[in-house]
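Here is the structure we will look at.
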Amino acid sequence: MHYQTQHWGSYNLPTSVIVDDPLERIGRLASENAVVIFSISTCCMCHVVKRLFCGMGVNPTVYELDEDPRGKEMEKALMGLLGSSSAVPVVFIGGKLVGAMDRVMASHINGTLVPLLKEAGALWL
C-alpha cells in the first residue's frame with residue numbers, strides 16, 4: 001500500500017491547492033492513481049478494504065483523513081457524495097467512485113471487481 005502522508009495544507013503548497021473545494025480535491029486525488037482509498041487509520045472496515053486489495057496484489061494509494069489537517073472537510077464531502085452517515089472507507093478505481101465497503105465487497109463477490117481493476121491498470125493477470 002502506498003500511504004500519502006504529506007500534509008496537504010502546509011505552507012509549501014501553492015495557494016490553488018490550499019483553497020480548493022473538498023470535492024474537487026477528492027476528485028483530483030482519486031484520479032491520480034489506479035486505486036485510491038480514503039480511510040481513517042483506526043477504522044476496522046477501512047483495514048478490511050485495504051487488506052482485500054493488498055491480498056489481490058493491488059497496491060492502493062491510501063489517504064488517511066485523520067492524518068490530514070483538512071481531513072474533516074473531506075470526510076464531510078465524502079458523506080455527501082455517498083449519501084450516508086459513514087464517510088469511510090471510500091474506494092475509487094480508475095478515477096471513478098466504486099463506493100463504500102458494501103459496494104466493494106458486492107463487486108468482489110459478483111466478479112466485477114477484478115475487471116474494473118484490470119481496466120484501471122491495477123492488475124495485469
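Index from 1, following the sequence.
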Nearest-0.5 Å distance, [atom1] of residue [X] to [atom2] of residue [Y]:
X      : Y      : atom1 : atom2 : answer
Thr61  : Glu32  : OG1   : CD    : 8.5 Å
Leu52  : Cys54  : CG    : SG    : 9.0 Å
Phe53  : Leu117 : CZ    : CG    : 5.5 Å
Leu116 : Leu123 : CG    : CG    : 10.5 Å
Ile26  : Met74  : CD1   : CE    : 5.0 Å

- Task: Locate the shortest heavy-atom distance separating Ala34 from Ala120; write the atom from each residue and the value.
- Result: CB-O, 3.5 Å

- Query: Do you know which two heavy atoms are closest between Ser107 and Val98, and how far apart they sit?
  - Reply: OG-CG1, 4.5 Å

Atom pairs and distances, side-chain donor-acceptor, residues 79-88, under 3.5 Å, sequence neighbours left out:
from: Ser84; atom 1: OG; to: Ser86; atom 2: N; distance (Å): 3.1
from: Ser84; atom 1: OG; to: Ser86; atom 2: O; distance (Å): 2.7
from: Ser86; atom 1: OG; to: Val88; atom 2: O; distance (Å): 3.3

- Message: Could you work out, with side-chain contact (heavy atoms from CB on, under 4.5 Å) as the rule, every residue matching Met45, not counting sequence neighbours?
- Response: Cys43, Pro89, Met101

- Message: Can you list everything that forms a ring-ring contact (aromatic ring centres under 6.0 Å, His included) with Phe92? Sequence neighbours excluded, please.
- Response: Phe38

- Please walk me through it: do Val49 and Val91 pass side chain to side chain contact (heavy atoms under 4.5 Å, CB included)? CA-CA 9 Å; Val49 166; Val91 175; 3.7 Å; yes

- Task: Starting from the C-alpha separation in whole Å, work towards a yes-or-no answer on side chain to side chain contact (heavy atoms under 4.5 Å, CB included) for Ile37 and Val90.
- Result: CA-CA 6 Å; Ile37 301 172; Val90 178; over 6 Å; no

- So which pairs with a foot in residues 71-80 pass salt bridge (Lys or Arg N to Asp or Glu O under 4.0 Å), sequence neighbours left out? Arg70-Glu73, Lys72-Glu75

- Item | salt bridge (Lys or Arg N to Asp or Glu O under 4.0 Å): pairs with one or both residues in residues 96-123, sequence neighbours excluded | none

- Does a side chain donor of either Ser39 or Glu64 reach within less than 3.5 Å of an acceptor in the other side chain? yes

- Item | Leu65 side chain near Leu78 side chain, heavy-atom distance below 4.5 Å | yes

- Just grab all the ring pair (Phe, Tyr, Trp, His ring centres under 6.0 Å) pairs involving residues 105-125, residues at least two apart or on different chains. none

- Message: Looking at Val35, is its backbone amide N or carbonyl O close enough to the side chain of Asn33 to form a donor-acceptor pair, meaning the two atoms are under 3.5 Å apart?
- Response: no

- Backbone N/O of Ser41 and side chain of Asp66: donor-acceptor pair under 3.5 Å: yes

